[in-house]
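Report on one structure; see the data block that follows.
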Amino acid sequence: QVQLVESGGGLVQAGGSLRLSCAASERTFSTYVMGWFRQAPGKEREFVAAHRWSRWSDGSTYYSDSVKGRFTISRDNANNTVYLQMNSLKPEDTAVYYCAARDGGGDPYPAGPYGYWGQGTQVTVSS
């Protein structure tokens, strides 16, 4: 059973930056696809970013069009942690951000295959 704990959310002005962290309890973390999703009030949960591990490279990263070029996902397998660096934040980025993990291959974008979720951390961007 993988447990995920997010941290790093908060209130920031538009144009500012935040870094979210997600600590995983499982040693096999390194082989999981790690994702970040967000959910704003009254909206469905949406994909933000994902990182797929590869033993032959730094892995593959995936981003939604709305955050591409502003957000960066990275992972530290030695510390079982994945990060989401968020720059140039906009009010529309306001949401609860969730860390998620899945094993196996396949499309990293849909939320359904992710079997493990954190409790979420609130990010609020003021205008």
May I ask you to check whether Tyr114 and Phe37 place their ring centres under 6.0 Å from each other?
yes

Heavy-atom side-chain proximity of [X] to [Y] below 4.5 angstrom:
X	Y	result
Glu6	Trp36	yes
Cys99	Val82	yes
Tyr62	Arg52	yes

Output yes when a side-chain donor or acceptor of [X] lies under 3.5 Å from a complementary backbone atom of [Y], and no otherwise.
X	Y	answer
Asp76	Ala78	yes
Thr94	Val125	yes
Ser25	Gln3	yes

Is Arg45 positioned over the aromatic face of Tyr98, cation under 6.0 angstrom from the ring centre and no more than 45 degrees off axis?
yes

Looking at Tyr83, I'd like to know if the NZ or CZ of Arg19 sits under 6.0 Å from its six-membered ring centre while staying within 45 degrees of the ring's axis.
yes

[X] side, atom [atom1]; [Y] side, atom [atom2] - distance, nearest 0.5 Å:
X	Y	atom1	atom2	answer
Met34	Arg75	CE	CZ	6.5 Å
Asn77	Trp53	CG	CH2	8.0 Å
Leu18	Leu11	CG	CG	8.5 Å
His51	Leu84	NE2	CG	12.0 Å
Leu20	Tyr97	CG	OH	7.5 Å
Ser64	Phe71	OG	CZ	8.0 Å

For a quick test of reading the model, state the closest non-hydrogen atom pair linking [X] to [Y] and the distance between them.
X	Y	answer
Ser88	Ser17	N-OG, 4.3 Å
Pro108	Val33	CB-CG1, 4.2 Å
Ser127	Ala14	CA-CB, 4.4 Å
Leu4	Ala101	CD1-N, 3.8 Å
Trp117	Ala111	CZ2-O, 3.6 Å

I would like to know whether Ser66 and Arg38 meet side chain to side chain contact (heavy atoms under 4.5 Å, CB included); could you show each step before the answer?
CA-CA 12 Å; Ser66 61; Arg38 67 187 182 186; 3.4 Å; yes

Salt-bridge test for Lys90 and Asp93: reply yes if a basic N is under 4.0 Å from a carboxylate O, no otherwise.
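Answer for the salt bridge query: no.
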
Hey, any chance Val67 and Val96 share a hydrophobic cluster, counting ILVMFWY side chains that come within less than 4.5 Å of each other, even indirectly?
no

Take Arg70 and Tyr63 through the test side-chain hydrogen bond (donor to acceptor under 3.5 Å, both in side chains) and record every step on the way to the result.
CA-CA 10 Å; Arg70 299 188 298 122; Tyr63 298 96; over 6 Å; no

